[in-house]
Structure formats: C-alpha cells, structure tokens
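Here the structure is laid out as structure tokens; the discussion comes afterwards.
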Amino acid sequence: MNSDRGRHMIRLLNHAHRHVPGNQDFFLYVLLTLLVVPIRWARAHAWWAPIPAEETAATRFCQELGTRTNIAGIPTKFQHAEQFFDSYEHDNIVDSPAGAQLMASTLQVRRSRLPAPTRPFTRTMFAAMFDDEHLTDALGLLPGNAIICCETRR
C-alpha cells in the first residue's frame with residue numbers, strides 16, 4: 001500500500017466511494033467481507049485451513065486498508081471481525097427489491113464476462129462463493145449445495 005500504485009489505488013477507492021451512502025458500520029461490514037468471507041471459505045473448502053498467522057496477517061491488512069479509506073472501528077482480532085460481521089449481517093441483511101435488482105445486475109455483468117459454456121452456471125457459482133445461507137437467502141439465491149444438486153439433475 002506504500003508503493004506508488006498502492007497509494008494510487010487507495011485514492012481511487014476513496015474517490016469511487018465518496019458518494020456511496022452508508023454509515024461507518026456499513027463500510028466496516030463491506031471491508032470485513034474481504035477478510036471474513038475468504039477465510040471462512042478457505043476453512044470450509046481449501047486443501048488446508050488458514051493458520052492463525054495468516055488470519056492475523058489478513059486482519060492487519062484489512063486494518064491498514066480500512067484506516068487508509070477512513071473506516072473507523074476496525075477489529076484488531078479476526079474473531080472480533082467475525083463477530084461484528086455476523087452481527088451486522090444478522091441485523092441488516094434482508095431480502096429487498098433493491099437487493100434483488102443489484103444481484104440481477106451483478107449476475108448479468110458476471111455472466112457476460114464468463115466463457116459461453118459456463119454462463120448458465122453463473123448463479124450457481126455466486127451461491128457457492130458466498131457459502132452463507134443467510135446471505136444467499138437475502139440475495140434470492142439458493143444455497144450453493146442445493147443449486148448444485150438441482151443443476152446436476154437437469
């Protein structure tokens with residue numbers, strides 16, 4: 001983040017998000033998706049789970065990124081990040097027309113950038129990546145394992 005390119009990317013992030021509505025907890029939740037979601041996914045699906053030193057390093061990276069993008073209250077321990085993430089998601093992430101529209105647009109963009117043979121599985125890939133039943137429900141996606149079972153039956 002201290003390189004010329006790193007500083008440029010931080011400026012771009014701050015510029016791109018300066019008019020995005022939301023409070024500090026919202027921005028902290030978004031930041032923590034970059035920390036909590038990949039580590040949980042790796043714990044569940046990778047060849048080996050991240051070791052504590054990797055979780056600490058990832059947490060420190062998010063702390064630094066958050067500080068440079070003016071996000072307050074960043075947890076200093078991964079476990080605290082998980083607790084905030086889960087609590088925020090439980091209290092704030094619900095099915096809504098705006099969320100459905102955002103998910104539809106996101107799927108459309110992603111589908112357009114995938115190789116043609118994989119495009120029918122875009123929704124499945126997203127559900128598998130999220131690997132979070134509460135989130136997939138809120139986004140109108142079936143849980144990844146349910147979609148995979150259904151798609152293999154077709």
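Every heavy atom of this structure was used, including side-chain atoms; hydrogens, water molecules and symmetry mates were not.
- Side chain of Asn14 to backbone of Asn70: no donor-acceptor contact under 3.5 angstrom is found.
- In this structure, Val94 is not a member of the same hydrophobic cluster as Leu102, with clusters built from ILVMFWY side-chain heavy atoms closer than 4.5 Å.
- Phe78 and Val36 get closest at one heavy-atom pair: CE1-CA, 4.0 Å.
- Glu54 meets the salt bridge (charged side-chain N to carboxylate O under 4.0 Å, His left out) test with no other residue; sequence neighbours excluded.
- Note: Phe61 CZ to Leu65 CG = 5.0 Å, rounded to the nearest 0.5 Å.
- Under the 30°/60° scheme for interplanar angles, the aromatic rings of His45 and Trp41 are found to be tilted.
- To the nearest 0.5 angstrom, Arg68 atom CZ is 11.5 Å from Arg11 atom CZ.
- Tyr29 and Phe85 have parallel rings, their planes meeting at less than 30° on a 0 to 90° scale where 60° marks the start of perpendicular.
- Taking 4.5 Å as the limit, some side-chain heavy atom of Pro75 sits within range of a side-chain heavy atom of Leu28.
- Of the possible donor and acceptor atoms, none in the side chain of Arg43 sits under 3.5 Å from a partner among the backbone N and O of Ala49.
- The distance from atom CG of Leu12 to atom CZ of Arg5, rounded to the nearest 0.5 Å, is 10.5 Å.
- Residues Glu82 and Arg40 are in side-chain contact: their nearest non-hydrogen atoms beyond the backbone lie under 4.5 Å apart.
- With sequence neighbours excluded, the residues that form a salt bridge (charged side-chain N to carboxylate O under 4.0 Å, His left out) with Asp4 are Arg7.
- Counting heavy atoms from C-beta on, the side chains of His17 and Thr69 never come closer than 4.5 Å.
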Test log, rule side-chain contact (heavy atoms from CB on, under 4.5 Å), inputs Leu35 and Thr59: CA-CA 7 Å; Leu35 173 64; Thr59 303; 3.9 Å; yes
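- Distance check, rounded to the nearest 0.5 Å: CG of Leu107 to OG1 of Thr122 gives 7.0 Å.
- Rounding to the nearest 0.5 angstrom, the gap separating the CD atom in Glu55 from the CD1 atom in Ile39 is 5.0 Å.
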Full working for side-chain contact (heavy atoms from CB on, under 4.5 Å) between Phe27 and Asn23: CA-CA 7 Å; Phe27 287 110; Asn23 60 26; over 6 Å; no
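- Here the CG atom belonging to Leu31 is positioned 9.5 Å from the CD atom belonging to Gln63, to the nearest 0.5 angstrom.
- Nearest heavy atoms, Thr118 versus Met125: O-CE, 3.6 Å.
- Within the 3.5 Å criterion, the main-chain N or O of Arg110 finds no donor-acceptor partner in the side chain of Arg113.
- Following chains of ILVMFWY side-chain contacts shorter than 4.5 Å, one cannot reach Met9 starting from Met1, and the two form parts of different hydrophobic clusters.
- The 12-atom threshold is not exceeded at CD of Gln101, counting heavy atoms of other residues, nucleotides or ligands nearer than 6.0 Å.
- In this structure, the side chain of Arg119 engages the main chain of Leu114 through a donor-acceptor pair within 3.5 Å.
- Counting heavy atoms from C-beta outward, Thr33 and Pro38 have side chains that stay 4.5 Å or more apart.
- Looking only at distances, no side-chain donor or acceptor of Ser87 sits under 3.5 Å from a matching main-chain atom of Phe84.
- Taking a cutoff of 4.0 Å between a charged side-chain nitrogen and a carboxylate oxygen, Arg60 and Glu64 do not qualify as a salt bridge.
- Met103 and Val109 end up in different hydrophobic clusters when Ile, Leu, Val, Met, Phe, Trp and Tyr side chains are linked at under 4.5 Å.
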